Visitor: 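Structure provided below as structure tokens; questions to follow.
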Amino acid sequence: MYDPISKMDWLHLLPMFQTSIPELLKGAKATIYSLSGFEVLFVLYPFIDNKEKAKLPIFLGMGYTSLLIFSMTVIVLGYFSLEDLSEVEFSVLAIYKSVSYTFIERLDFIVVAQWMFVIMPNLALLMWALTYGVKRLYRVPQRTMVYAVAIVILILVSVIKYERVINQLVDIISEVGFWLIFVYPLIILPLVWIKKKWRKHKGSAPT
């Protein structure tokens, strides 16, 4: 990213520290789609043997992801003007399109191909979490659910082609993700505490 950074106009980031709290929260909510995916840890956590040692890698991974998103956001804001951003659909990919070398004309093709190696493990984990959850809730064989979900995904991928539809889908996922990732655990947490205390009190009660 050194080439886009060298072409940034730092005045695009001004004025700073003048955004209200509601506007900041609205902007944070808009980034949920990029941050989503770590909720699979809710499903993986019971399978971890040493849970204390797992905390540090989890926090480091989330911190690195947040730092990467923040850095790319600053680069995009500095590289494009406000008018350009309103017209560019995929700003990060557009930055890669602007970079070229004597031996590589379209760097974005390589980036998209390489990005599949990042997406595929995430898809595998999310597929497993989805099918495992259905198996636990409804006693449906996990292998059957893998085939069913894969067919649905193939159909959706072949149908969803236009950028407008993709943006609408991203907005829906962001809205659902906000309630599922941040609100739902905060509702469940006090209920879990109450349940644990009730079980502890029940277990210590004289028979």
Side-chain angles (χ1 to χ4, degrees), residues 1 17 19 21-76 92 111 113-150 152-153 169-207:
M1 301 303 294
F17 309 110
T19 307
I21 298 298
E23 289 175 332
L24 287 174
L25 294 175
K26 186 178 179 180
K29 187 178 178 181
T31 63
I32 289 177
Y33 179 78
S34 299
L35 285 172
S36 62
F38 72 90
E39 66 275 6
V40 74
L41 293 170
F42 297 151
V43 185
L44 292 175
Y45 192 74
F47 295 94
I48 300 175
D49 292 331
N50 197 332
K51 294 179 172 55
E52 289 299 322
K53 289 186 177 180
K55 292 180 180 179
L56 180 60
I58 289 172
F59 291 141
L60 289 177
M62 287 300 301
Y64 173 74
T65 302
S66 302
L67 180 63
L68 187 63
I69 293 175
F70 173 75
S71 302
M72 292 304 302
T73 303
V74 172
I75 294 173
V76 167
V92 176
V111 171
Q114 183 269 342
W115 195 248
M116 290 299 297
F117 292 98
V118 179
I119 296 299
M120 291 305 294
N122 293 335
L123 291 179
L125 279 174
L126 292 172
M127 174 77 81
W128 174 84
L130 172 63
T131 55
Y132 177 78
V134 174
K135 174 187 175 182
R136 287 289 304 272
L137 288 173
Y138 304 107
R139 306 296 179 184
V140 179
Q142 195 166 1
R143 184 184 296 271
T144 303
M145 280 303 304
V146 168
Y147 291 132
V149 173
V152 172
I153 291 176
L169 181 62
V170 168
D171 292 338
I172 293 173
I173 294 174
S174 298
E175 189 68 29
V176 174
F178 171 75
W179 293 99
L180 181 65
I181 299 172
F182 296 101
V183 178
Y184 177 70
L186 294 178
I187 297 175
I188 293 296
L189 183 61
L191 298 179
V192 172
W193 282 343
I194 293 172
K195 185 178 180 180
K196 283 186 176 181
K197 288 187 176 181
W198 179 77
R199 283 185 174 181
K200 186 178 180 180
H201 177 74
K202 185 178 180 181
S204 61
T207 56

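Keep in mind the model is a prediction, meaning the values are calculated, not measured.
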Visitor: Would you list the pairs meeting salt bridge (charged side-chain N to carboxylate O under 4.0 Å, His left out) in which at least one residue belongs to residues 60-76, sequence neighbours left out?
Guide: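 Every candidate salt bridge (charged side-chain N to carboxylate O under 4.0 Å, His left out) pair involving residues 60-76 fails, so no pair, neighbours aside, qualifies.
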Visitor: Measure the CZ-CD distance between R136 and Q142 for me, rounded to the nearest 0.5 Å.
Guide: 11.0 Å
Visitor: Determine the minimum heavy-atom distance between P185 and F182, stating which atoms define it.
Guide: CD-C, 3.9 Å
Visitor: In chain order, what residues pass the ring-ring contact (aromatic ring centres under 6.0 Å, His included) check against F59, with sequence neighbours excluded?
Guide: none
Visitor: Suppose we screen for side-chain hydrogen bond (donor to acceptor under 3.5 Å, both in side chains). Which residues come up paired with Y184, at least two apart in sequence or across chains?
Guide: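 Checked Y184 against side-chain hydrogen bond (donor to acceptor under 3.5 Å, both in side chains); zero matches.
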Visitor: Can you name the nearest heavy-atom pair linking S174 to I32, along with the distance?
Guide: O-CG2, 3.9 Å
Visitor: Could I get the full list of ring-ring contact (aromatic ring centres under 6.0 Å, His included) partners for W115, not counting sequence neighbours?
Guide: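 Expected list: none.
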Visitor: So how far is it from N122 CG to F117 CZ, rounded to the nearest 0.5 Å?
Guide: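 Those atoms lie 14.0 Å apart.
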Visitor: Applying side-chain hydrogen bond (donor to acceptor under 3.5 Å, both in side chains), can you list everything that pairs with K29, at least two apart in sequence or on another chain?
Guide: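 For K29, the residues satisfying side-chain hydrogen bond (donor to acceptor under 3.5 Å, both in side chains) (neighbours in sequence not counted) are E175.
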Visitor: With sequence neighbours excluded, what pairs up with Y45 under the ring-ring contact (aromatic ring centres under 6.0 Å, His included) test?
Guide: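 Checked Y45 against ring-ring contact (aromatic ring centres under 6.0 Å, His included); zero matches.
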Visitor: With sequence neighbours left out, write down each residue that passes side chain to side chain contact (heavy atoms under 4.5 Å, CB included) with V146, or none if nothing qualifies.
Guide: T131
Visitor: Can you classify the ring geometry of Y132 versus W128 as parallel (below 30°), tilted (30 to 60°) or perpendicular (above 60°)?
Guide: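 Answer is parallel, since the angle falls under 30°.
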Visitor: For F42, is the CZ atom crowded, meaning more than 12 foreign heavy atoms sit under 6.0 Å from it?
Guide: yes
Visitor: So, taking the atom named CG in L186 and the one named CH2 in W179, what distance separates them when rounded to the nearest 0.5 Å?
Guide: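 L186 atom CG to W179 atom CH2 measures 11.0 Å (nearest 0.5 Å).
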Visitor: For K55, which residues count as a salt bridge (charged side-chain N to carboxylate O under 4.0 Å, His left out) partner, sequence neighbours excluded?
Guide: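 K55: salt bridge (charged side-chain N to carboxylate O under 4.0 Å, His left out) contacts with E52.
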Visitor: Which heavy-atom pair separates P57 from K53 by the least distance, and what is that distance?
Guide: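 Between these two residues, the closest heavy atoms are CD-O, 3.1 Å.
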Visitor: Sequence neighbours excluded, which residues qualify as side-chain hydrogen bond (donor to acceptor under 3.5 Å, both in side chains) partners of E23?
Guide: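 Partners of E23 by the side-chain hydrogen bond (donor to acceptor under 3.5 Å, both in side chains) criterion, ordered by chain and then number, come out as S20.
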Visitor: Would you list the atom pairs, donor with acceptor, under 3.5 Å between side chains in residues 188-197 and any protein atom, with sequence neighbours excluded?
Guide:
none

Visitor: With rounding to the nearest 0.5 angstrom, report the CG to CD1 distance, L123 to I153.
Guide: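 Taking CG in L123 and CD1 in I153, the distance rounds to 7.0 Å.
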Visitor: Excluding sequence neighbours, so at least two apart, what forms side chain to side chain contact (heavy atoms under 4.5 Å, CB included) with V40?
Guide: L44, L125, L126, A129
Visitor: Considering all heavy atoms of both residues, which atom of P46 and which atom of K51 are nearest to each other, and what is their separation?
Guide: O-NZ, 3.8 Å
Visitor: Counting only heavy atoms not in F38, do more than 12 sit closer than 6.0 Å to its CZ atom?
Guide: yes
Visitor: Can you pull out every salt bridge (charged side-chain N to carboxylate O under 4.0 Å, His left out) where at least one residue sits in residues 118-135? Sequence neighbours excluded, please.
Guide: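 Sorted pair list comes back empty.
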